Q: 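To start, I am sharing the structure in question, which I have written as structure tokens.
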Amino acid sequence: MGKQRVLSGIQSSGKLTLGNYIGAMKNYVALQHEHDCFYMIADLHAITVPQEPAALREQSESVAALFVAAGLDPTQAAIFLQSHVSAHAELSWLMTTMTYMGELERMTQFKDKSEGKEAVGAGLFLYPSLMAADILLYNANLVPVGDDQKQHLELTRDLAGRFNYRYGETLVVPEPFIPKVGARIMSLDDASKKMSKSNPNVGSFISLLDSPDEIRKKISRAKTDLGREIVFDVPNKPEISNLMTIYAQCSGQTLEQVQAAYEGQGYGAFKKDLAEVVVQALEPLQQKYADVRSSGEIHQILRDGAERASAVAETTLNSVKEAMGFVAKSR
Ligand code: TYM
């Protein structure tokens, strides 16, 4: 694989979880040295549900610092806030005009988030058109995401193809880049639901900033299946399979190695070790996070990132507008 353009993003709508880390951030880090990477804090996506201004500001800076703490090198990858690059909002409108209502109505994330709500913001409905704009602005070939973003990626691919068919070859059709193990980390209290920061039960997810004791407590209380064997068998042992996935991803072992290591042992011993594996994986990240926050360096990182991102995004936006027939500003 030659040098590829990579774009991805995480919403700044709450604490990041171990699911975000395993499903997405680990791959951001893995891709940064060989490819041309743009990683964004999706603050415009965050406001598709109501946010307190002070909380939004804090969470956006926190996610940016977590990117660096997780191992992203700002001299390699551009790290920026979506709202700092105005081309995102502008291309989003252009993409919205090319998106069918039926396509948006079929999005499972929209159905989940709007279900049972009396008032649903239009932004939540249009969210996938903004996400398509995010990706297409950078001519991204690869988009590292967890499994839950696959449907949004499909729509992005359709929109790029539709645009090129209507207006001539302009946009790159992107590919999702999804981890083979850990693409969907499940809730600790119910392995039929994905681990999510918006779950009101805080015991259901591990936040990247949870203290070692919180992590130990949450893992010791995590649901397990009937029986006592540590075997990877998603249909029959969904809870243990999820915990094994977390173990494998945090320790760098394969699922087979984890299974072999715990043959003949019970859930208690396994969970105890798992807690330590997670604590150890997060310790350096948490240390680095504290350093990054206290140094204040994040502001400069975001300024540089936005500058690099804007240069690419503006160029694409101009080609799109020209292809669609907008009159260019005269000089
Ligand atoms: P968000 O903020 O919900 O999640 C960020 C990333 O984390 C992954 N993820 C998970 N992976 C495995 N297991 C889980 N339990 C889990 N929970 C979350 C998500 O798949 C995602 O990769 N719409 C996006 C943000 C976005 C974006 C983009 C992504 C905006 N523009 C452009 C890629 C490209 C979202 O809400 O992700």
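The structure presented is a predicted model; accordingly, all values stated were derived computationally and were not measured. Both counts, for ligands and for their atoms, begin at 1 and track the order of listing.
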Q: Can you find a side-chain donor-acceptor pair between Glu239 and Tyr267 that sits under 3.5 Å?
A: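 Tyr267 and Glu239 do not have a side-chain donor-acceptor pair below 3.5 Å.
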
Q: Mind jotting down which protein residues get a heavy-atom contact under 4.0 Å with ligand 1? Chain and number order, please.
A: Leu7, Ser8, Gly9, Ile10, Gln11, Gly19, Asn20, Gly23, Ala24, Met40, Ala42, His45, Tyr127, Met131, Asp134, Ile135, Val143, Val145, Gly146, Asp148, Gln149, Gly182, Ala183, Arg184, Ile185, Met195, Lys197

Q: State which residues pass salt bridge (Lys or Arg N to Asp or Glu O under 4.0 Å) with Lys237; sequence neighbours excluded, sorted by chain then number.
A: Glu229

Q: According to salt bridge (Lys or Arg N to Asp or Glu O under 4.0 Å), who are the partners of Glu103, at least two apart in sequence or on a separate chain?
A: Arg162

Q: With sequence neighbours left out, which residue pairs that include part of residues 272-329 fulfil the ring pair (Phe, Tyr, Trp, His ring centres under 6.0 Å) condition?
A: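 Residue pairs passing ring pair (Phe, Tyr, Trp, His ring centres under 6.0 Å), neighbours aside: none found.
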
Q: Would you call the rings of Tyr138 and Phe80 parallel, tilted or perpendicular, taking 30° and 60° as the class edges?
A: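 Ring orientation of Tyr138 relative to Phe80: tilted.
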
Q: Are Met95 and Leu171 side-chain neighbours, meaning at least one heavy-atom pair lies under 4.5 Å?
A: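 Met95 vs Leu171: side chains touch.
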
